[in-house]
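Being a predicted model, the structure only gives us computed values, none of them experimental. In what follows, every chain begins at residue 1, and chains take the letters A, B, ... in the order their sequences are listed.
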Amino acid sequence: MYAPKRKLDSVGPRPFFLSSNWLDSPLPGTFRARMFVRVRYAPSPTGSPHVGNIRTALFCHFFARHHDGVMFVRIEDTDRARTVPGVEEEILESIRWAGIEWQEGPDKGGPFAPYKQSERQAQGIYQPYIDELLNSGNAYKAFDTPEELDEMRQYQQINKKPFGYFGGVWRDASAETVASAEAEGKRPVIRLKMPRGKMLVVNDAIRGRVEFESDLVDDPVLIKADGMPTYHFAAMVDDHLMGTTHIIRGEEWISSAPKHVWLFEAFGWNPPVFVHVPVIKGKDGAKLSKRHGDTRMLDYRAAGYIPDALANFITLIGWAPGGDREIMSMEEIASAFRLEGLQPSPGVFDADKLKWMNGNYIRALSPSELISTVSAYVSNPEVAAYFSSEEHKDDAVVSGVALLRSAFAERPDYVHQVLPLEQERVTTLAEFGPACAFFFVDEVDFDEKATEKWFVGQAHVGPLFDHLIAGLTGKNAASHEECKAMVQEFVDKNGLEKLGPAVHPTRVALTGKTAGPGLFELMEVLGPARMIKRLQRAKGMLK
RNA sequence: GGCCCGUUGGUCUAGCGGUUAGGACGCCUCCCUUUCACGGAGGAGACCACGGGUUCGAUUCCCGUACGGGUCACCA
């Protein structure tokens, strides 16, 4: 288990080089590599985390690991209406499955607990800060009704004005006006008073200096009418309070970044470094979302992906170690991870390449890892549910996995022999089901093309099966070599030039298919009893 | 529409002023071989979006244009 080398109590006034200008500083890379890092992963529990969300978490994790820093998780649940029960658990489960390690969070506490904004709000943590802003004149109460705001937006749209709230009547309303509105019992929101005529600079670690004209940035709501803070407010206050050194988040946040830097400015706080990572796009070029299908992180677990493979693959979208390296362990990525390797442009999620990578990871599994991995997979109820759903319906997988599951329980030794035979032929764990099914069923399903090709009009096949049945009868086991000798003997006696004409029909009789593991390996595992039965049944199908 | 960001083969990318523009996925061919797969060897595929500069020299630096993306909520 990874433990931060840095003591938590070292969080405090940050050294000069952690200012957002750190990129401009002449400090050599070696010095930067030792910089103190505290990063947060701040998801909102409004829906199942998808691969894009988890990639951000992965970046946080690798960055923190690389610098022996701290990663913490903070749940941004300030929108009560949109908070979905159970999602918080799913988020934690997703990042845990991805192999991410965090040192502080809602599940494990930490020096800055609580790590859930609804709880922080309940403790009154944000109150003094909003009061400070109100007192310093950097925030104001606005009493507009939703209808009025709608009207404003329509007006702006029609007149092609910049959209947004640029003050209305409340930005500079007199104390009396505000007081009388309050006396009427109206519930205001509190908005940040953005500066006018100023250039707001966001120092982004990937893009460098990004400028925004403050006149074009509207006044964001800080506190909603129900008293809850918005993301803009809560996240920045918390990032300051929790000692965040780097805000690693999706590129979709970049346009609200000037609001965030201004907030830090208004408080007189030293801002963290912003790192806006590029979005992940679907094949259609648009930001990855549910409608692209197969984006939910845990669906990949159900679909048979190895977490390390998925993690490896998605961190490579938008990040590269700088050479030709691609297949990298979590450790290797952590040690190679530098912000400089982050890409500014969005990347497309290529499911084919993911499959290739997953196949690589499956092949790299040791015999014991193979067994434990597949065993855990087939006993996971998520799997059947996933492949029974309408979008992913695959009966072959469902039944194959069920076969494997009961085989694990009833004849583990047999399964252990079977699995390695398909290891280099599958690209997902799910494929083990259909691929291995023939080992476990009483009667194999015959592929029509296979029987047509090898069971029809091939005079030597009948005698071949008889030969094998005769050779197998009375045996308890038949080794790879013995099986091969048997087939070879038939080939020699009948003047067949190659092994093929004997091998292929035998394979079809035994497995029902034309593709699969080496015939003799598979025969050894199958054993004489099963083979004799199958050979006899196949004999009856010859034409 | 405003603002912001981006642009190297279909996709992920290396490159950080001078390269036959490298690798990976996918695709094709061949080899290995009892099939499939793995593995190995090749191949097709990029006028480095376009147009201007700067420079002895630009994929690399600067400016435009085009195209793509992001964002414009009392959501995050």
Which nucleotide in B:C75, B:G23, B:A37 has an atom nearest any side-chain atom of A:D79: B:C75

Against the side chain of A:V221, the closest entry in B:C74, B:C25, B:G1 is B:C74

Sidechain N-carboxylate O distance under 4.0 Å for A:R249, A:D239: no

Listed pairs, N/O of protein and of nucleotides 63-72 of chain B, under 3.5 Å:
from  : atom 1 : to     : atom 2 : distance (Å)
B:G70 : OP1    : A:K287 : N      : 3.0
B:U71 : OP1    : A:K287 : NZ     : 2.7
B:U71 : O4'    : A:S255 : OG     : 3.4
B:U71 : O2'    : A:S255 : OG     : 3.0
B:C72 : O2'    : A:F163 : O      : 3.3

Heavy-atom nearest nucleotide on RNA chain B for A:H504 versus A:D77: which residue maps closer to 5'? A:H504

Quick one: label A:Q343 by what it contacts on the DNA or RNA (base, sugar-phosphate, nothing), any heavy atom closer than 4.0 Å. sugar-phosphate

Using 4.0 Å as the upper bound for N to carboxylate O, is an ion pair formed by A:D226 and A:R80? yes

Take the protein atom CE of A:M523 and the nucleotide atom C1' of B:U35, then report the distance between them rounded to whole Å. 14 Å

Does A:I327 reach a base, just sugar-phosphate, or nothing at all? Heavy atoms under 4.0 Å. nothing

Ignoring hydrogens and geometry beyond distance, is a side-chain donor-acceptor pair present between A:Q154 and A:D150 at under 3.5 Å? no

So, A:D238 versus A:Y126: side-chain donor-acceptor pair below 3.5 Å or not? yes

Please classify the nucleic acid contact of A:Y165 as base, sugar-phosphate, or nothing, using heavy-atom distances under 4.0 Å. nothing

Any donor-acceptor pair under 3.5 Å joining the side chain of A:R363 to the base of B:C38? no

A:R207 (side chain) and B:C5 (base): donor-acceptor pair under 3.5 Å: no

How is A:P501 classified with respect to the nucleic acid when contacts are heavy atoms under 4.0 Å: base, sugar-phosphate, or nothing? nothing

Is a side-chain donor-acceptor pair under 3.5 Å present for A:S118 with A:D77? yes

